[in-house]
Amino acid sequence: MILPATDYNIEKAADLLRQAKLIAFPTETVYGLGANVFSPEAVAKIFEVKARPLFDPLIVHLADSKQLKDVANVDNEKLQQKVKALSVFWPGPLTLVLPANPSVPTLVRADLPSVAVRIPNHSVALKLIQSCGFPLAAPSANPFSYVSPTRAEHVEEHLGNYIEFTLDGGACQVGIESTILSLLDEAATILRPGAITLEMLRPILGEVSYQTSVSSNKPIAPGQLKTHYAPRTPMAFASDKSALFEKSRIGLISFQKPQGLTQKFEVLRCLSDRGDLQSIGQKLFDTIRELDKLGLDLILIDTCKEQDFGVAIMDRLRRACAKSSVGS
Ligand code: TXA
Ligand code: MG
């Protein structure tokens with residue numbers, strides 16, 4: 001069931017979350033499947049509903065930085081300074097991996113001594129967490145390893161029967177999951193690229209590097225599986241000529257106005273006139289989901305330059321294409 005995000009429905013959602021039930025809610029990145037972080041019973045339901053392996057830890061969503069101490073241990077002064085400096089990106093699409101406060105159930109953090117936290121930049125999410133009075137453990141509200149949801153309808157399609165309801169916040173603005181930055185070691189590492197980019201983090205932190213395991217099925221950090229975020233239809237990069245194609249029904253997702261097409265496509269979606277990364281990110285998952293429903297033989301997709309937000313877009317697309325036998 002999808003409900004409009006009125007104050008009344010947000011209160012109702014908070015009540016249900018207090019009773020260890022699950023509510024899906026919008027954030028600026030993707031929709032989250034929320035549970036009371038301090039209720040192992042509620043958190044267990046997330047793993048069940050998503051068919052998510054227990055080794056894949058959850059992100060904890062806070063209403064403000066005052067809640068940070070309830071879930072993380074930031075007594076270390078150096079760490080505290082880093083978190084303070086990075087809070088210019090909060091609320092926003094930046095998740096920090098920090099030493100955990102032992103009060104966070106081990107199920108949330110997959111037995112790790114660390115916890116991932118962020119403050120989402122969405123008024124509905126913030127109101128909901130405030131009204132609960134406790135942080136929400138929330139993964140993306142999709143079945144494990146399918147494309148993340150960027151509209152309430154996406155959540156309902158797969159999870160509607162298993163949760164109380166989805167608060168409707170329309171289409172997510174960013175459209176790609178948050179940047180995950182580990183502050184556990186001296187040098188900060190990006191475990192998952194997102195809208196807060198390496199280029200934005202470097203001036204604040206100095207040394208920052210990527211530590212994503214795109215090419216492997218053995219995650220460095222849990223959840224970094226090679227074939228995450230994949231549609232059911234085989235997907236390949238349009239630049240990969242080997243994917244062309246005796247296939248008869250092909251859909252194309254382009255990042256700018258296509259010119260001089262030689263192939264006939266069953267369906268063509270253009271995410272931006274001139275390759276604007278924000279527009280591409282915002283529409284990407286929605287469009288992949290749309291084409292995935294059409295029973296195509298193949299979805300072809302553009303590539304973009306791997307800098308700034310383009311790193312996150314290509315990270316997700318590589319994983320989505322890795323699943324299909326075509327072109328890999
Ligand atoms: O934008 C987002 O981050 C969305 C919205 C709902 O906030 N959430 C999201 O959650 O993408 P999820 O569960 O799909 O991805 C969470 C990932 C895990 O797969 C794992 O890679 C990482 O966060 N993670 C969580 N806790 C961690 C920890 N303690 N150490 C390392 N990685 C962790
Ligand atoms: Mg996810």
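For ligands, and for the atoms within them, numbers begin at 1 and follow the listed sequence.
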If the cut-off is 4.0 Å to any non-hydrogen atom of [X], which atoms of ligand 1 fall inside it?
| X | answer |
| --- | --- |
| Leu191 | 31 (C), 32 (N) |
| Ile180 | 17 (C), 22 (C), 23 (O) |
| Ser114 | 28 (C), 29 (N), 30 (N) |
| Asp56 | 18 (C), 19 (O), 20 (C) |
| Ser178 | 1 (O), 2 (C), 3 (O) |
| Leu112 | 28 (C), 29 (N), 30 (N) |

Requested in this report: Quick one: list whatever passes side chain to side chain donor-acceptor pair (under 3.5 Å) with Gln307, sequence neighbours left out.
Outcome: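 Expected list: none.
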Query - Whether over 12 other heavy atoms sit under 6.0 Å from Tyr210 OH - result: yes
Residue portion contacting ligand 1 (non-hydrogen atoms closer than 4.0 Å) for [X]:
| X | answer |
| --- | --- |
| Glu28 | neither |
| Leu58 | backbone |
| Arg109 | neither |

Query raised in the report: Under a 4.5 Å side-chain heavy-atom rule over Ile, Leu, Val, Met, Phe, Trp and Tyr, are Tyr8 and Ile129 clustered together?
Result: no
**Report entry** Cluster check Phe285, Ile2: I/L/V/M/F/W/Y, side chain < 4.5 angstrom
**Finding:** no
Query - Heavy-atom nearest neighbour of atom 9 (C) of ligand 1 within options Ser148, Ala141, Ser140, Gly34 - result: Ser140
**Report entry** Nearest candidate to atom 15 (O) of ligand 1, where distance is taken over non-hydrogen atoms, out of His61, Glu177, Arg192
**Finding:**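 Of the listed residues, Arg192 has the closest heavy atom.
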Salt bridge between [X] and [Y], side-chain N to carboxylate O under 4.0 Å?
| X | Y | result |
| --- | --- | --- |
| Glu153 | Arg289 | no |
| Arg118 | Glu28 | yes |
| Glu177 | Arg192 | no |

Query raised in the report: Does any N or O atom in Arg118 lie less than 3.5 angstrom from one in ligand 1, N or O only?
Result: yes
Query raised in the report: Taking N or O atoms only and a 3.5 Å limit, does Thr29 qualify as a polar contact for ligand 1?
Result: yes
Query raised in the report: Looking at residues at least two apart in the chain, or sitting in another chain, which of them share a side chain to side chain contact (heavy atoms under 4.5 Å, CB included) with Val88?
Result: Ile204
Query raised in the report: Does the side chain of Ile301 reach to within under 4.5 Å of the side chain of Leu284, using non-hydrogen atoms?
Result: yes
Requested in this report: Verify the distance test for Asn142 against the Mg ion (ligand 2): any N/O/S atom under 2.8 Å, yes or no.
Outcome: no
